[in-house]
Amino acid sequence: MLEVKNLSVFYGRHRAVENVAAQVSPGEIVVMLGANGAGKSTFLRAIAGQTPAMPGSSVVMDGSDITHRPPHEIVETGIALVPEDRGVFADLTVHENLVLGAHPKRARPHEVANMERVLTLFPKLAARRKQLVRTMSGGERQMVAVGRAMMSAPSILMLDEPSLGLAPLVCGELFRSLARIKETGVGILLVEQNAKQGLAIADRGYLLDNGHVTGSDSAEALSNDEKVRKAYLGAG
Amino acid sequence: MDVIIIGLLLGGTYALMAVGLQLQYGVARIMNLASGETLVCGAFGAVWFFTAYKMSPLYALIGVVPAAFFANWAIYRFMMLPLVRRAKNQGQLEVDSILATFGLSFVAIGILLALFGGEFLAYSYLATPFSILGQPYALNRIVAFLGAAVVCVGLYIWLHHTRAGLTLRAVSVNPSAAGLVGINVASTSALAFALGGAVSASGGTLLSMFLNFDASLGVIFTLKALVIVIMGGVGDIRGAIVASFILGLTETAVATYLDPGLTLAAAYVLFIVILLVRPEGLFGRRSS
């Protein structure tokens with residue numbers, strides 16, 4: 001289980017995220033909704049160790065404190081991040097990207113089994129193993145990115161705006177694969193601007209506004225909440 | 001025909017210094033202006049082994065390569081890593097590392113002058129003719145070329161067919177994603193920088209079989225390596241190898257048909273043309 005408490009991140013004197021608390025358990029999908037600039041990406045980057053958190057912040061994974069640890073050590077605790085820019089190796093092949101995903105020590109013994117799982121989840125990738133990722137479409141790159149993250153055998157998978165730049169059809173396909181990943185017992189923390197689609201597959205949700213968590217509830221309750229509908233679902 | 005074979009032999013040996021610089025710049029992202037001094041150290045190492053122990057330069061490699069590896073590892077770990085950690089972006093790191101390694105090159109020259117003096121150092125090894133297609137060529141040039149070919153092919157296979165090599169390429173392509181897949185980017189960069197230094201030094205050892213070196217010659221080789229890396233495109237050692245042959249052929253042709261004094265000028269004309277016409281290099285891809 002991933003437990004975040006009092007997480008604060010400052011860029012210089014600008015506060016990006018302040019005293020945020022959130023939890024993600026295995027086997028659930030949690031969505032964090034917020035407008036552009038609300039601090040959603042910063043929140044994920046801080047958990048993954050890519051952006052330094054302020055003293056006093058606490059990120060605990062399965063009982064061990066991982067605050068202020070470097071990214072390559074955080075992956076070893078079972079947290080995988082698919083960043084907003086996808087974080088794929090564009091000049092390498094699909095196969096090489098997936099093999100690199102299994103770089104963490106925790107993933108090495110299960111590399112063959114995980115590769116099989118990823119290729120079953122995204123059959124398109126199996127046919128394109130030799131293709132350079134830079135020559136692929138946005139949707140295919142996103143598959144490589146999620147597949148690459150799954151190769152590290154995570155218990156928590158974090159995705160930063162996975163629907164960004166994807167056609168609605170491709171996006172639907174991606175969200176269905178996330179639901180299948182959840183069924184294997186992986187906890188998913190999703191950050192989304194596309195609130196409708198996010199809430200549709202999520203179990204729970206948090207609302208992030210101007211660096212603060214302003215609400216949290218079950219996905220169902222959030223979709224029916226008048227204020228949420230107004231602010232994030234475009235219903236008037 | 002003569003010019004082509006001599007040019008190819010020279011270019012092949014140049015490939016080592018280019019591949020060395022490319023590992024340091026392409027993976028560790030340090031533009032090492034002291035790479036020519038590393039090469040001169042490799043050459044002086046060979047001279048020293050030869051004059052003191054009558055040892056073949058090929059055996060000298062056994063001492064030169066590990067020494068250069070550890071020296072360059074230490075340079076990265078204690079001098080470059082603090083700059084990497086401090087730099088807010090790639091541009092700042094490039095300026096800082098260029099200044100730091102430029103300074104380092106003068107330190108290296110000073111130490112070499114103190115140890116070996118300022119004269120040209122030379123020795124004669126395998127300076128016997130060897131016939132290719134009926135024409136005689138110096139055997140030491142051929143042996144140096146073959147040595148360079150072994151190192152380049154070995155390095156290529158290691159980079160493209162082993163897990164450790166893949167790790168290096170991952171850092172070269174996308175360092176931030178490399179961290180996300182659990183790669184320790186700092187220690188991988190240190191390895192690449194050390195390996196690059198070792199390859200540059202081995203280039204110096206092999207070149208010393210047919211070129212004479214003095215302590216101040218490093219800068220010329222740094223600039224030649226730079227020309228090759230920019231010409232070939234950062235990121236793929238195949239580009240550097242092809243560009244090395246182009247430089248070797250150009251220099252030999254200019255020295256033979258025009259004037260030996262114009263070789264360096266010819267290298268720069270080539271460099272400027274490439275920069276103007278194809279700034280990403282012959283084989284580099286435009287950054288997206």
Side-chain angles (χ1 to χ4, degrees), chain A residues 11-12 44-45 47-52 69-93 95-108 111 132-136 141 144-145 147-154 157-160, chain B residues 22-23 25-27 29 77 81-82 84-90 156-192 232-240 280-281 283-288:
Chain A
Y11 293 124
L44 293 190
R45 290 174 54 85
I47 297 173
Q50 287 197 314
T51 297
R69 299 254 293 271
H72 65 268
E73 287 179 21
I74 289 174
V75 188
E76 295 284 358
T77 67
I79 298 176
L81 169 66
V82 177
E84 196 176 331
D85 66 1
R86 321 290 198 225
V88 290
F89 300 98
D91 286 330
L92 303 183
T93 65
H95 181 72
E96 286 171 333
N97 269 270
L98 296 179
V99 168
L100 279 165
H103 187 274
K105 280 185 218 73
R106 64 179 271 124
R108 293 282 178 92
E111 186 177 341
L132 287 184
V133 174
R134 70 182 307 111
T135 64
M136 300 176 101
R141 281 186 194 210
V144 175
R148 192 265 301 149
M150 290 307 294
M151 287 299 289
S152 71
L157 174 65
M158 306 193 296
L159 301 107
D160 192 350
Chain B
Q22 198 176 33
L23 282 169
Y25 184 55
V27 182
R29 289 187 162 63
R77 179 64 193 77
L81 197 54
V84 173
R85 296 234 156 102
R86 197 182 67 187
K88 289 193 174 65
N89 53 53
Q90 177 62 21
Y156 182 81
I157 291 173
W158 184 74
L159 281 172
H160 286 265
H161 296 281
T162 69
R163 183 154 212 139
L166 180 60
T167 309
L168 239 71
R169 286 190 294 138
V171 173
S172 162
V173 170
N174 189 342
S176 108
L180 289 178
V181 299
I183 294 170
N184 185 337
V185 176
S187 68
T188 306
S189 297
L191 171 71
V234 179
D236 192 331
I237 70 168
R238 283 173 296 190
E280 71 276 19
F283 301 88
R285 281 172 289 256
R286 277 168 213 279
S287 53
S288 49

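Letters A, B, ... are given to chains in the order of the sequence lines, protein chains preceding strands, and every chain is numbered from 1.
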Keeping A:Arg148 on the side-chain end and B:Val181 on the backbone end, is there a donor-acceptor pair under 3.5 Å? no
Specify the closest pair of heavy atoms between B:Ile183 and A:His72, including all atoms of both residues, with the distance to one decimal. O-CB, 3.3 Å
Who wins among A:Glu111, A:Glu73, A:Lys105 for the most heavy-atom pairs under 4.5 Å with chain B? A:Glu111
For chain A, which residues from residues 172-180 of chain B lie under 4.5 Å away (heavy-atom distances)? B:Val173, B:Asn174, B:Ser176, B:Ala177, B:Ala178, B:Gly179, B:Leu180
Under 4.5 Å heavy-atom distance to chain B, tell me which part of A:Ala102 shows up: side chain, backbone, both or neither. both
So which part of A:Glu96 gets closer than 4.5 Å to some heavy atom of chain B, the side chain, the backbone, both or neither? both
For each of A:Val99, A:Asn97, A:Leu100, tally heavy-atom pairs with chain B at distances under 4.5 Å, and name the one with the top tally. A:Leu100
Can you give me every donor-acceptor pair (side chain of residues 81-90 of chain A, partner residue at least two apart or in another chain, under 3.5 Å) with its distance?
from, atom 1, to, atom 2, distance (Å)
A:Glu84, OE1, A:Ser41, OG, 3.2
A:Asp85, OD1, A:Gly87, N, 3.1
A:Arg86, NH2, A:Leu164, O, 2.9

Taking A:Ile74, A:Leu92, A:Ile79 one by one, which has the highest count of heavy-atom pairs under 4.5 Å against chain B? A:Leu92
Given A:Glu76, A:Met151, A:Arg106, A:Arg108, the one with more heavy-atom pairs under 4.5 angstrom with chain B than any other is A:Arg108
